[in-house]
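Working notes for the structure below.
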Amino acid sequence: MLNISDILETITMIQEENLDIRTTTMGISLLDCADSDIKKSAQKVYDKICRKAGKLVETGEAIEAKYGIPIINKRVSVTPIAMLAGVSGGDPVEYALALDRAAKTIGVNFIGGYSALVQKGFAPGDEALIRSIPRALAETNFVCSSVNIGSTKAGINMDAVRTMGKVVREAAELTADRQCIGAAKLVVFCNAPEDNPFMAGAFHGVGEPDCVINVGVSGPGVVRAALAKAGKDKNLNEIADIIKRTAFKITRMGQLVGSEASQALGVPFGIVDLSLAPTPAVGDSVAYILEEIGLETCGGCGTTAALAMLNDAVKKGGVMASSNVGGLSGAFIPVSEDAGMIAAAESGALRLEKLEAMTAVCSVGLDMIVLPGDTPADVISGLIADEAAIGMVNSKTTAVRVIPAIGRKAGEFLEFGGLLGRGPVMDINMGSPAVMIARGGRIPAPLQSLKN
């Protein structure tokens, strides 16, 4: 039975506390699009995406109208394109252009999967795709790219780490006239999940079905509001319980949308990713949740502990609300997309070193961080290696999405607009890891990789 107070509470969450479905993402397998002729293969890719996802946007809008639940983005993720490039050969940018055309035709916001999985080495197609990423992102509007360079089972591919430092920098340089947006559409992973609905890291894993619907929820503003109503006299056990109950309610909405979309589109329902994904909107901030818990400012001492509690409580509350929890699921800390993080970074309270510590206990990693424009490629590679090591040793997903702000220095801003927000250029230690990065090879998997 419907409880009137629950309905009114949900309406308040949507209207006043920025509750929304961040994305419905259709995952599509392109394995049957492989062809030795790259032009034929790219056409098959375009045709299949248009056939499978042609009604994705229309369906999302119908669910929005039916329930009054905002669905901010409709997206598509596809099989890592490097797998097709290994069969077809040729210039992988052909695939990027086909993906971009398909995204424009069906009306989605982003399409992910211009990706390669190289944690243990390079297969045919991987190196060519990785080298092409800067051009692909510069020549398209909707395509997002990711590369998995490490895992707990495989260790860290340092040859790939060395290459990705250069690729990130080149992606920023080729789009310097557009706020370096190319680098903002590229993420480097360790332990990348195969069912992540969030960009830029979404790709359709090889263990996934031919077509599936995944949902990413949001709701930092709802959690912050719940804690504000609780007052300052609650102990941390009680605070964790409030977060769990709120995460449960948020996830139930994601479960509803996923089920409806699955039925309407006639494809399986994959997962609900219950990550708290912030936006630049005032109040819709993970940093503000941490401050509501009791920090003077995000980035101060106690920040990592508060984030660890938040992440754990979100997972515990969300997993009870759906039998299909997956993806990343926890709390995101993207600097440019979070009003509280932006303010803390701008004031100097939140520094890159503290953000790195926080990534050990949150959903993902160093996300949407703007670096000085003169940051060398080997320093970026060192940052990627550090973050991958945290993920590898702790058996968790970590990622790096950093944007070298070409021509800008610390204290200036890049203005992305929309959900990507605005990013303050943050200082980074310029001590060079060039000799270490140049060694290449592989950092061996840790002992815990032998679990079987």
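Partners of Ile38 under the side chain to side chain contact (heavy atoms under 4.5 Å, CB included) rule, at least two apart in sequence or in another chain, are Ser88, Glu94, Tyr95. Lys153 pairs by the salt bridge (charged side-chain N to carboxylate O under 4.0 Å, His left out) definition with nothing, not counting sequence neighbours. The ring-ring contact (aromatic ring centres under 6.0 Å, His included) test applied to Tyr114 returns no partner, not counting sequence neighbours. Residues satisfying the salt bridge (charged side-chain N to carboxylate O under 4.0 Å, His left out) criterion with Lys74, sequence neighbours excluded, are Glu64. Residues satisfying the salt bridge (charged side-chain N to carboxylate O under 4.0 Å, His left out) test with Lys120, not counting sequence neighbours, are none. A search for side chain to side chain donor-acceptor pair (under 3.5 Å) contacts involving Ser259 returns nothing, not counting sequence neighbours. With sequence neighbours left out, Asp195 forms a salt bridge (charged side-chain N to carboxylate O under 4.0 Å, His left out) with no residue at all.
Summarising the local packing, NZ of Lys166 is surrounded by 12 or fewer heavy atoms from other residues, nucleotides or ligands at distances under 6.0 Å. Within a 6.0 Å radius of CZ in Arg101, more than 12 heavy atoms belonging to other residues, nucleotides or ligands are found.
The stretch residues 137-172 participates, sequence neighbours left out, in no ring-ring contact (aromatic ring centres under 6.0 Å, His included) pair at all. Here side-chain hydrogen bond (donor to acceptor under 3.5 Å, both in side chains) pairs that include residues 379-388, with residues two or more places apart or in two chains, are Thr359-Glu387. Annotation: side-chain hydrogen bond (donor to acceptor under 3.5 Å, both in side chains) contacts involving residues 196-214, sequence neighbours excluded, comprise Lys48-Asp210, Lys52-Asp210. Here salt bridge (Lys or Arg N to Asp or Glu O under 4.0 Å) pairs that include residues 313-338, with residues two or more places apart or in two chains, are Asp312-Lys316, Glu337-Arg401.
A heavy-atom distance below 4.5 Å is found between the side chains of Val76 and Ile28. Counting only heavy atoms from C-beta outward, the side chains of Met164 and Ile130 approach each other to under 4.5 Å. With a 4.5 Å cut-off on side-chain heavy atoms, Phe203 and Asn148 do not count as touching. At least one side-chain heavy atom of Leu355 sits less than 4.5 Å from a side-chain heavy atom of Ile369. Using a 4.5 Å heavy-atom threshold, the side chains of Ile443 and Met392 count as touching. In this structure, Val402 and Val370 have side chains that are not in contact, with every pair of non-hydrogen atoms separated by 4.5 Å or more. No side-chain heavy atom of Leu137 sits less than 4.5 Å from a side-chain heavy atom of Thr175. Side-chain contact between Pro278 and Pro334: present, with at least one pair of heavy atoms (C-beta onward) separated by less than 4.5 Å.
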Name every donor-acceptor pair, under 3.5 Å, that has one atom in a side chain of residues 263-270 and the other anywhere in the protein, sequence neighbours excluded.
none

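Cation-pi geometry between Arg75 and Phe110 is not satisfied (NZ or CZ under 6.0 Å from the ring centre, within 45° of the ring normal).
Note that the CD1 atom of Ile213 and the CG atom of Asn324 stand 13.0 Å from one another [nearest 0.5 Å]. How far CG of Leu307 is from CE of Met358: 5.0 Å, rounded to the nearest 0.5 Å.
Nearest heavy atom pair, residue Leu419 against residue Arg22, reads CD1-CD, 3.8 Å.
A salt bridge between Asp91 and Arg135 is present, with a side-chain N of the basic residue lying under 4.0 Å from a carboxylate O of the acidic one.
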